[in-house]
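What follows is a single structure, written as structure tokens, with notes after it.
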Amino acid sequence: MSEALILVLLQKITTTLGGAALKAISSQWSKETTIFLEVQNSMKEIESEFDIVQAFISQVDPSSRNNKIFEAWLKHIRKVAFEVEDIIDEYAFFLGNMNGSGRSLRKAITLSSNVKMWNYVASQLKQVKNRLQSLTIIKERFGIKIVDSVDNSSSHYISRHIYLSDSSYMNDDDTMVGHEDQARRLTECLDDRCSDRAVVSIWGMGGSGKTTLASSIYKRQDVGKNFDCHLWISVSPTYQVEDLLGTVMKQLSGNYDEHGTSHPRDMLVQIQSYLAERRYLIVLDDMWDRDSWIIFDHALPNNRLRSRVIITTRNEGVASLAQENNTIRLGFLPEEESWKLFNIKAFSKLSEPKCPESLVPLAKKILEKCQGLPLAIVAIGSLISYRNMEEKEWRSFYNQLNWQLTHNPELSWVSSVLNLSLNDFSAHLKNCFLYCGLFPEDCQIRRKWIVRLWIAEGFVEDRGAETTPEEVAEDYLKELTQRSLIQVVERNEFGRPKRFHVHDLVREITLSVSTKERLLRVLCLRYSLLEFVPQAVTGLFNLYYLDMSRTKVKKIPRSVAKLKNLQTLHLRFARVANLPREITTLTSLRHLLVSNDLYGTSAPGNICGLKCLQTLTEIKATKDLVQNLGYLTQLRSLGITGMLTSYNKDLWTSIRKMTVLTKLAVATRDDDELLDLESLKPLRNLEKLYLSGKLEEGKVSQLSCCFPKLMLLKMRWSGTVDDPLSSLSQMRNLVYLNLHCAYDGEKLLFCSGWFPKLTHFYQGKLCNLKSIEINDGAMVNLSYLELRELWNLRAVPEGLTYLRSLKHLYARNMPGEFVERLERDDRSIVQHIANIECV
């Protein structure tokens, strides 16, 4: 993992050497300030050294990676890397303090205290260079070397080590516990009457039981008798084409000459020839990438004899090689099945494998740590089976469980299985994944939060000016979920991942690595009792992420201007009513989230000079602000409150220039102000729109033609008189609709074909509404409907019977007559809805 540490360090050096402060000082260099040249050259030399060290570590012979000499050498490399990071932080801090122009800068450069300071930095860098040279000599003295590309014995070493580890918990006498539904599906896929060769995939995180499931079916006689030949191939992540094809030929050797050829092309032809007239069952176990499938796709003929190929994988992308409906995902075992498997392993020496009553509480605690992961249950259960069945000894084991997972040799193969995915990661992705392990146990990690933290820490690679770091980080999240290393626990209304979870065992293993390599540039004070910003905070020149949301902070000091590197400032639900003018000097700021109350937080007019801003919420509207918002062309999310009627034209003119805007929230100051949509022009990329306030003449017709990609619409206090649904129904991509105090009429009509993608619909405080008519064919995908405080709606809409996808119906503070009819007389209308709640 040291490659990832060094990669971030290299990024930090590059950023610092290319910074504006250094350029300004460079322009003022003179013969008296040659110390700067010495410092800069030393920094560049160290950058080159670490660049080569990173490349070296990535190619070190894997057999050396378990060598104590190599580990000791690597430990010292890490120490030097951390020292360099400290020097860079000081270097950047000194540059920031000296930033200026003209005579004042020249004076700062020649100031004796500053010259002394730079001499100190130069001295530190010289010591680092000497230590790096010394470590190079030590490396050569003890024979630490890189992989010889000709000799791939090391890759065989990896394969043997990994696959012995991965299979060591799957003995022939193991009983398959859990995953009965998945086993049934797998059997059905194998017995399917389709004559074409079919691919079936089983995917999930390491240790979820993929191999066990495939093996249990593969070994069944009633399945095997239907096939002419069977092959089980373990696909190493460092596979060689010749090795894979050779393994196939060896398993066919009973009836086939395996020594006839060694060229891959000839081997492919002979395998195809042998299998051409045979119905075969082949398991490709633990396939890592789609490229390896190309080999097997050519070798395994589609002989229309109902041949089957089973792929087990950790990667969703590989799993997608299977035909539609042939993808089987393995999650975690439920509590009952986990307990059964644990008893089988932990109490295997008893005549009946059952936990003694005295140990049940501790056994449950130990099992809870496994969180339904079969690999962990089997491993820990097997290990504890050798211990005395005494409460004291089991409690001691539980208290040491975290340590056992990362240090006990008998559990090292568990770490090998779970850690194996990291070996296939880029350094950037490794850092991002390891960072997830820093969150507390059972913590649900919010998507937006982790994305901004990764960026602040410098973990996200630069993919060019056309791609934002946020988009790259979103790709990282997608890849981590596809590789089954983090699990999605909550999605938003559009099916997009919202919150994630890291399995406790995976977290413990990542923690053991990340504690050696943490490079943090983040300060999170969320939910603290903080009432003011400590002076020390604004002295953190290298801070990239500052979160003071949900605190009692009322004022941001002018010294915030010192935080030149700050990218995210989070102040939502704090008590800051006004931002200082100095906030406009933070030119690196990408995300500014504020909100004081319903009226928002006031900002200086020239805040629109922060050209890097992507998020700006909830800012209070002023004439100057709405006129200049158009300069913020990189905004993805904008929330503006306290709008006046007179601001409308300027606001929509500015917003028209935001071509990448995806989320917009606009709220008026009070009931006397109006939102006039007449000047609104199409926003082609907008996905979420929140409108709070009365619409001019109650018109919504303008909305339907302006937002072709809109998926979420919230309208509050709109004051529309005519039924708005005929206009809103033109938004064919709408998934979420919320109408709160938005309609003053008495009837709503949903026609057939309207809102084809709508899944969530909220109606609240439509005070005059007396009836809702729903035609067959309307809202065909609606799954959630909430009716709140509709005081004049007394009859249950008969059209609810047409909403066949509706799973949740919530009636909150509805008239007593409506509730009574819903629960009694009109029950037949809603009998198909699984969850009905009246509050």
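Only this structure's heavy atoms are used, side chains among them; waters, hydrogens and symmetry mates stay out. The first residue in the sequence is number 1, and the count goes up from there.
L186 and A214 get closest at one heavy-atom pair: CD2-CA, 4.4 Å. Annotation for R279 and L190: closest pair NH2-O, 3.2 Å, computed over non-hydrogen atoms. Shown here for A319 and S201, the closest heavy-atom pair between the two residues is O-OG, 2.9 Å. Nearest heavy-atom pair, S208 versus L330, reported as atom, atom and distance to 0.1 Å: O-CD1, 3.8 Å. Nearest approach of L284 to M287, heavy atoms of both residues: CD1-CE, 3.4 Å. When all heavy atoms of L275 and A299 are compared, the closest pair comes out as CD1-O, 4.3 Å.
For the pair T481 (side chain) and L477 (backbone), a donor-acceptor distance under 3.5 Å is present. R732 places no side-chain N or O within 3.5 Å of a backbone atom of P756 that could act as its donor or acceptor partner. In this structure a side-chain-to-backbone donor-acceptor pair under 3.5 Å is missing from R499 to R491. Not a single donor-acceptor pair under 3.5 Å links the side chain of D475 to the backbone N or O of K478. Remark: side-chain polar atoms of E479 are not paired, donor with acceptor, to backbone N or O of Y476 under 3.5 angstrom. Remark: the backbone N or O of R197 is paired with a side-chain donor or acceptor of N302 at under 3.5 angstrom. Side chain of R278 to backbone of Y274: a donor-acceptor contact under 3.5 angstrom is found. Judged purely by atom type and a 3.5 angstrom limit, N685 uses its side chain to pair as donor or acceptor with the backbone of T659. Between the side chain of D192 and the backbone N or O of E188, no donor-acceptor pair lies under 3.5 Å. S215 contributes no side-chain N or O that, together with a main-chain N or O of T211, makes up a donor-acceptor pair within less than 3.5 Å.
Side chains of V309 and L300 form a contact here, defined as non-hydrogen atoms less than 4.5 Å apart. With contacts defined as side-chain heavy-atom distances shorter than 4.5 Å, the pair R636/L661 does not qualify. The shortest distance between side-chain heavy atoms of E461 and R463 falls below 4.5 Å. Side-chain contact between K688 and M711 is absent, with no heavy-atom pair separated by less than 4.5 Å. Inter-residue side-chain proximity for W232 and D285 is flagged as met; some heavy-atom pair is nearer than 4.5 Å. Contact check for V248 versus I233: side-chain heavy atoms found under the 4.5 Å cut-off. Looking only at side-chain heavy atoms (C-beta outward), Q323 and V199 come within less than 4.5 Å of each other. Considering only heavy atoms from C-beta on, L341 comes within 4.5 Å of V378 through its side chain.
Atom CD of residue Q182 and atom OG of residue S216 lie 11.0 Å apart, to the nearest 0.5 angstrom. Summarising the geometry, atom OG belonging to S292 is positioned 11.0 Å from atom CG belonging to D297; distances are rounded to the nearest 0.5 Å. Between the CD1 atom of I311 and the CD1 atom of I328 there is a distance of 12.0 Å, given to the nearest 0.5 Å. Within the model, atoms CG of L480 and SG of C436 stand 6.5 Å from one another, a figure rounded to the nearest 0.5 Å. Put simply, CG on L333 and SG on C370 are 10.5 Å apart, with the number rounded to the nearest 0.5 Å. Expressed to the nearest 0.5 Å, how far OG of S338 lies from CD of E368 amounts to 11.5 Å.
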Derivation and outcome, side-chain contact (heavy atoms from CB on, under 4.5 Å), residues W293 and V235
CA-CA 10 Å; W293 170 245; V235 186; over 6 Å; no
- [ ] Decide side-chain contact (heavy atoms from CB on, under 4.5 Å) for E316 and R329; before the verdict, give the C-alpha distance in whole Å, the side-chain angles of both, and the deciding distance to 0.1 Å.
- [x] CA-CA 9 Å; E316 185 180 5; R329 180 170 190 181; 5.9 Å; no
side-chain contact (heavy atoms from CB on, under 4.5 Å), that's the test. Do I380 and K345 meet it? Break it down for me. CA-CA 8 Å; I380 293 173; K345 293 298 175 184; over 6 Å; no
Test side chain to side chain donor-acceptor pair (under 3.5 Å) applied to T568 and R452, step by step:
CA-CA 7 Å; T568 297; R452 289 169 187 165; 5.2 Å; no
| Do F227 and Y280 pass the side-chain contact (heavy atoms from CB on, under 4.5 Å) test, and can you show the C-alpha distance, the side-chain angles, and the key distance before you say yes or no? | CA-CA 5 Å; F227 295 90; Y280 55 82; 5.7 Å; no
#### Entry: Chi angles and distances behind the salt bridge (Lys or Arg N to Asp or Glu O under 4.0 Å) call for K448, E470
CA-CA 9 Å; K448 289 184 179 179; E470 285 76 11; over 6 Å; no
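The ring-ring contact (aromatic ring centres under 6.0 Å, His included) search around H760 returns Y784, not counting sequence neighbours. With sequence neighbours left out, the side-chain hydrogen bond (donor to acceptor under 3.5 Å, both in side chains) criterion links H298 to no other residue.
A salt bridge between D286 and K210 is absent, with no side-chain N of the basic residue lying under 4.0 Å from a carboxylate O of the acidic one. Taking 4.0 Å as the cut-off between side-chain N and carboxylate O, R184 and D181 count as a salt-bridged pair. Between E490 and K498 a salt bridge is recorded (basic side-chain N to carboxylate O distance below 4.0 Å). Salt-bridge check for R447 with E474: passed, with a basic side-chain N closer than 4.0 Å to an acidic carboxylate O.
A donor-acceptor contact closer than 3.5 angstrom links the side chains of S307 and N303. Side chain to side chain, N781 and K757 fail the donor-acceptor criterion of an N or O pair below 3.5 Å. Side-chain contact annotation: E457 with Y435, donor-acceptor N/O pair under 3.5 Å present.
Using a 30° and 60° split on the angle between ring planes, H230 and Y218 fall in the perpendicular class, above 60°.
Two rings, from Y545 and H591, have their centers 6.0 Å or more apart.
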